Amino acid sequence: MRIHLLALILMATPALAESPLSALIAEYETGPAAIFQNDGRYGPTGTAYEAEDLNQKSNLYRSQRIALEARLGERHGIILLYAPFDLTTRATLSRDIDFRGTVFPAGTVVDSRYLFDGYRGSYLFRVINGERFTWDIGASVQIRNALVDLRAVDGSRYARESDIGVVGALKTRLRYTLPSRVWAGLEADALSTFGLFDNTTGGIYDVALTLGVPLTSKNDVNAYARLRLLGGGADVKRRDIYNWGNFGFAVVGVQADLVSLLDRSLAKP
């Protein structure tokens with residue numbers, strides 16, 4: 001599946017090379033994130049644990065994302081995204097937890113770090129390019145930088161699991177603009193193995209609903225509010241790893257078309 005997704009992007013390269021850069025949209029968003037689920041088990045004798053065991057549901061966490069989208073002609077788009085997510089919580093364990101063969105007894109005060117940084121590249125083809133409604137379809141390839149660890153506060157025990165991997169997904173995006181120029185959008189990346197592989201079962205989804213408002217008459221600067229659901233995980237039997245999480249985000253952001261802003265700046269007398 002990863003090879004097929006990469007091939008889709010490579011096949012589109014000649015057409016992209018012939019397309020002019022019609023827009024270069026920079027985007028930044030930030031806001032609180034909540035952990036709905038974060039289950040883990042690491043090692044052949046590992047203990048299955050949940051987010052509540054590590055106090056991960058006790059607070060909201062600041063999130064942020066940075067994206068740059070190049071619009072190449074009317075139909076093609078390339079998006080580069082950086083989505084960091086790094087949090088540390090402290091908890092007193094209510095039961096023993098075996099993490100990669102290191103046992104943390106009940107009553108141990110531990111700091112737990114959960115790191116999941118995503119570096120994603122996407123290609124989109126615009127199927128419908130209407131005055132008010134647009135629809136894009138394509139694919140994404142994400143490099144994940146993941147780390148999970150447990151550390152006893154007294155320094156007596158420490159264990160960790162880390163991984164750098166590549167994940168592919170299908171992608172779609174819809175946007176509708178009202179006569180008032182207020183717009184609404186739906187964007188989704190998703191893929192599942194559907195149990196087709198004996199040693200690995202997994203999936204990923206990233207779905208966002210957006211309400212945007214233009215801040216300029218040219219619509220080249222927009223503010224927006226966005227609700228996002230992000231989740232996924234894997235059961236990798238050959239590495240004795242299980243992790244599955246579901247997270248919610250409520251963010252605000254701004255996006256600006258750098259090509260349009262530069263053209264307007266150069267056009268001023």
Side-chain angles (χ1 to χ4, degrees), residues 4-31 64-83 118-142 168-191 204-230 249-264:
H4 292 166
L5 293 172
L6 288 171
L8 175 61
I9 295 175
L10 292 174
M11 288 170 61
T13 301
L16 299 178
E18 298 173 1
S19 301
L21 180 64
S22 57
L24 185 63
I25 302 168
E27 184 174 290
Y28 175 79
E29 66 183 45
T30 185
Q64 58 182 336
R65 285 189 174 202
I66 301 171
L68 187 66
E69 178 177 359
R71 296 301 310 174
L72 304 167
E74 293 186 357
R75 297 291 181 181
H76 305 285
I78 292 288
I79 304 172
L80 299 178
L81 170 72
Y82 171 52
Y119 304 84
R120 185 185 305 170
S122 304
Y123 166 71
L124 285 173
F125 178 79
R126 183 149 294 176
V127 180
I128 298 176
N129 191 26
E131 181 180 354
R132 298 201 180 280
F133 178 72
T134 61
W135 178 32
D136 301 279
I137 60 172
S140 298
V141 176
Q142 177 164 307
L170 301 177
K171 185 178 184 68
T172 189
R173 182 174 65 186
L174 301 94
R175 175 165 163 164
Y176 182 77
T177 303
L178 298 170
S180 62
R181 298 193 299 140
V182 172
W183 54 273
L186 169 65
E187 186 169 357
D189 295 75
L191 187 70
I204 183 175
Y205 74 90
D206 185 354
V207 181
L209 289 171
T210 305
L211 183 66
V213 178
L215 302 180
T216 63
S217 59
K218 299 291 186 180
N219 297 346
D220 47 16
V221 180
N222 290 263
Y224 63 83
R226 177 172 287 162
L227 296 176
R228 181 185 303 279
L229 288 175
L230 171 68
F249 303 80
V251 300
V252 293
V254 62
Q255 56 182 216
D257 181 356
L258 304 182
V259 170
S260 178
L261 291 176
L262 179 59
D263 286 345
R264 283 205 287 147

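The structure displayed is predicted, hence computed values, not measured ones.
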Item to complete: Verify side chain to side chain contact (heavy atoms under 4.5 Å, CB included) between L186 and L209, making sure each step is shown before the conclusion.
Response: CA-CA 5 Å; L186 169 65; L209 289 171; 3.7 Å; yes

Practice prompt. Begin with the C-alpha distance, continue with both residues' side-chain angles, and end with the deciding distance and a verdict on side chain to side chain contact (heavy atoms under 4.5 Å, CB included) for K171 and L124.
Written response: CA-CA 8 Å; K171 185 178 184 68; L124 285 173; 3.9 Å; yes

Discussion item. With side chain to side chain contact (heavy atoms under 4.5 Å, CB included) as the criterion, how do F249 and E29 come out once you've worked through the C-alpha distance, each side chain's angles and the decisive distance to 0.1 Å?
Written reply: CA-CA 11 Å; F249 303 80; E29 66 183 45; over 6 Å; no

Fill in: Y123 vs H76, side chain to side chain contact (heavy atoms under 4.5 Å, CB included): CA-CA, chis, key distance, verdict
CA-CA 7 Å; Y123 166 71; H76 305 285; 2.6 Å; yes

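Taking the charged nitrogens against the carboxylate oxygens, D220 and R264 do have a contact shorter than 4.0 Å, which makes a salt bridge. Salt-bridge check for R71 with D257: failed, with every basic side-chain N at 4.0 Å or more from each acidic carboxylate O.
With no hydrogens or angles considered, a side-chain donor-acceptor pair links W183 and N222 at under 3.5 Å. A side-chain donor-acceptor contact under 3.5 Å links R226 and T210.
With sequence neighbours excluded, the residues satisfying side chain to side chain donor-acceptor pair (under 3.5 Å) with Q64 are Y28. Residues passing the side chain to side chain donor-acceptor pair (under 3.5 Å) test with R65 are D206, sequence neighbours excluded.
The two residues P214 and R181 make their nearest non-hydrogen contact at CD-O, 3.2 Å. Contact record, Y224 with V254: CE2-N, 3.6 Å, taken as the closest heavy-atom pair. The minimum heavy-atom distance between A250 and L227, with the atom names listed, is CB-CD2, 3.9 Å. Minimum heavy-atom separation, Q255 to I25: CB-CG2, 4.0 Å. Here the shortest heavy-atom pairing between L191 and G168 reads CD2-O, 2.9 Å.
Note: L80 CG to S122 OG = 8.5 Å, rounded to the nearest 0.5 Å. I204 CD1 to D189 CG: the interatomic distance, rounded to the nearest 0.5 Å, is 7.5 Å. Distance check, rounded to the nearest 0.5 Å: CG of N219 to OG of S217 gives 8.0 Å. Once rounded to the nearest 0.5 Å, the distance linking CG of L24 with CG of L262 reads 10.0 Å. Considering CD1 of I78 and CG of L21, their distance stands at 11.5 Å, rounded to 0.5 Å. In this structure, E74 CD and L72 CG are separated by 12.5 Å, a value rounded to the nearest 0.5 Å.
N129 is listed as a side-chain neighbour of T134, based on a closest heavy-atom distance under 4.5 Å. Counting only heavy atoms from C-beta outward, the side chains of I79 and R173 approach each other to under 4.5 Å.
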